[in-house]
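Here is the structure we will look at.
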Protein chains: 2
Amino acid sequence: MLDAAPLPDCDTLRPCGSCGARHLSVCARADEAGLKELAAIAETLDFAPDQTLAAQDEPAAHLFNITSGVVRVFKLMADGRRQIVGFLFAGDFLGLASGDRYAFGAEAVGAVTACRFRRGRYQALLARSPSLEGALLERASHDLRAAQEQMLLLGRKSATERLASFLTDTAARTGGDDIDLAMSRAEIADYLGLTIETVSRAMTGLKASGLITLSGARRVRVERPDALAALACGD
Amino acid sequence: MLDAAPLPDCDTLRPCGSCGARHLSVCARADEAGLKELAAIAETLDFAPDQTLAAQDEPAAHLFNITSGVVRVFKLMADGRRQIVGFLFAGDFLGLASGDRYAFGAEAVGAVTACRFRRGRYQALLARSPSLEGALLERASHDLRAAQEQMLLLGRKSATERLASFLTDTAARTGGDDIDLAMSRAEIADYLGLTIETVSRAMTGLKASGLITLSGARRVRVERPDALAALACGD
DNA sequence: CGAAATTTTGAACCGTTTCAACGGACGTGG
DNA sequence: CCACGTCCGTTGAAACGGTTCAAAATTTCG
């Protein structure tokens, strides 16, 4: 009987990027009884870089709680255009979007470990465990707020402002002004609604104005966090 | 004692624009006991065109259930740039975004009536009424999915594709290919991340290609729904 | 009917994209 | 240990889609 085995792994606490608070992960919110049931329907999995967790338009069989690594969540158009709607870090939850099919794809950026639940059994558990439902609602509300912020970015911000927003955000999420980017320029571009060339130029621009320094393409240090954050807001 | 007085007004059922299903409004989901309590903390209000329901960054004192009319939900930048993150119609719910302050502004587009709840008392009720919480979670998930779709639009679609998406969406939401737009070109522009001129030109373009006809700026008839929907997806 | 507001149209401009070439990091095999 | 090839990121130049500014046309409303 797999009682508490997979659970400790998905019980991660981490500071929230946008609001600073330390949200409990979904697993951690289950009550005593719920926790036991949760263990019974959970399994811990490892994913290789670029491996698929969920495929767009496929039946939504599972939900995930990310334990380590970074996951990209994206939507694809028929001609290949891609919009990354979010990056998930340890503690983040995947699978909230409604419907019986995934409205998005999800792939591992680097190596990822995640806690996986069968959707049907999870929902049955949910119905019996109100505190779990509350945790999910809190997270959904949180994600919704983040999505609205991203709409402002995509609809109204310049390339430089977008990158400044992204770096400020990422610094807050990973908890430090020394950022080790897990994602490529292509992924940043598809997240910010730009091309890799524009991302590169914007990065060079920020470096030139002394807001950041680079040591290798993926190692960014935010030198003037306040100025970067101000730029992100258009001031 | 105001028992069932304001409740019938916010018990609206309407077809869902994106998935076609008829979601129950939040009020309609409360159980017997919850419904009574809900009545006690609800009040029906009328809003004049452009009147504020909620102001960005102000304390989030209330939640709303729209009864009639259209509401614009938006985010503002310091220099006045505006991104409308969504339009709400009868039955839609406002106030899900987390935190103790509104992350967005909300204003009546035309005349609006809405059911208003005090946030604190609503949350207390929520804690005691799991079915209500489930309804909210369902709606939050639904909104999240819509937000992701909008991110794809804002990040990757051309002006014409954006307008085609908007018209297809609006036709589905208002239930008919004869659309009477409640919002101005400026509002459509701020929703689609464009300027009024570009919206106007895209509208002219759709008319020229025979996908729509116009009778007055705000009266749109979708002549070829399938072709319009295909265009919205980039095909 | 007349005035104000909104929408459409036109032309020049600009930021981002596109296309192309270069440079550097990394891993493999000689 | 170094040569080579590949992948990723950067840089440059030209092209494009959307914006900006300006003015005409249409609609709305008193």
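Computed from a predicted structure; not experimentally measured. A, B, ... follow the sequence lines: proteins, then strands. Residue 1 opens every chain.
- Checking D:dT10, C:dA11, C:dT6 against the side-chain heavy atoms of A:Thr204 singles out D:dT10 as nearest.
- Taking atom CG of residue B:Leu163 and atom P of nucleotide C:dT7, one finds them 13 Å apart after rounding to whole Å.
- Without hydrogens or angle criteria, A:Gln150 side chain to A:Tyr191 main chain gives a donor-acceptor distance under 3.5 Å.
- Each of C:dT17, C:dT16, D:dG18 was ranked by its minimum atom distance to the side chain of A:Arg201; first place goes to C:dT17.
- Rounded to whole angstrom, the span from the CG atom of B:Leu181 across to the P atom of C:dT8 amounts to 11 Å.
- Checked options A:Asp180, A:Asp177, A:Asp178; the residue passing with A:Arg221 is A:Asp178 (criterion: salt bridge (charged side-chain N to carboxylate O under 4.0 Å, His left out)).
- Counting to the nearest Å, the C1' atom of C:dT16 and the CD atom of A:Glu161 are 14 Å from each other.
- In this model, the phosphate group of D:dT19 is approached by a side-chain N or O of B:Thr195 to a distance below 4.0 Å at OP1 or OP2.
- Counting non-hydrogen atoms under 4.0 angstrom, B:Leu194 reaches the backbone sugars and phosphates but no base.
- Contact check, B:Arg162 against D:dG18: no side-chain N or O comes under 4.0 Å of OP1 or OP2.
- For the pair B:Thr198 and D:dT19, the criterion of a side-chain N or O lying under 4.0 Å from OP1 or OP2 is met.
- Considering only side-chain N and O atoms, B:Arg218 lies under 4.0 angstrom from the phosphate OP1 or OP2 of C:dT7.
- Contact detail for B:Leu88 and B:Phe93: the closest heavy-atom pair is CD1-O, 4.1 Å.
- Considering only side-chain N and O atoms, B:Arg185 lies under 4.0 angstrom from the phosphate OP1 or OP2 of C:dT8.
- Atoms CG (A:Leu206) and P (D:dT10) sit 12 Å apart, rounded to a whole Å.
- Spacing between atom CG of A:Asp50 and atom P of D:dC8 amounts to 9 Å, rounded to whole angstrom units.
- Between A:Met203 atom CE and D:dG9 atom P the separation is 9 Å, expressed in whole Å.
- A:Ile196 has its CD1 atom 12 Å from the C1' atom of C:dC19, to the nearest Å.
- Comparing B:Gly216 and B:Val199, the nucleotide of DNA chain D nearest to each residue sits closer to the 5' end for B:Val199.
- B:Leu152 and A:Gln83 get closest at one heavy-atom pair: CD1-CB, 3.6 Å.
- Nearest heavy-atom pair, B:Lys75 versus B:Gln56, reported as atom, atom and distance to 0.1 Å: CA-OE1, 3.4 Å.
- Closest-nucleotide positions on DNA chain C for A:Glu197 and A:Thr160 were compared, and the one nearer the 5' end corresponds to A:Thr160.
- Rounded to an integer number of Å, the gap from A:Leu192 CG to C:dT16 C1' is 14 Å.
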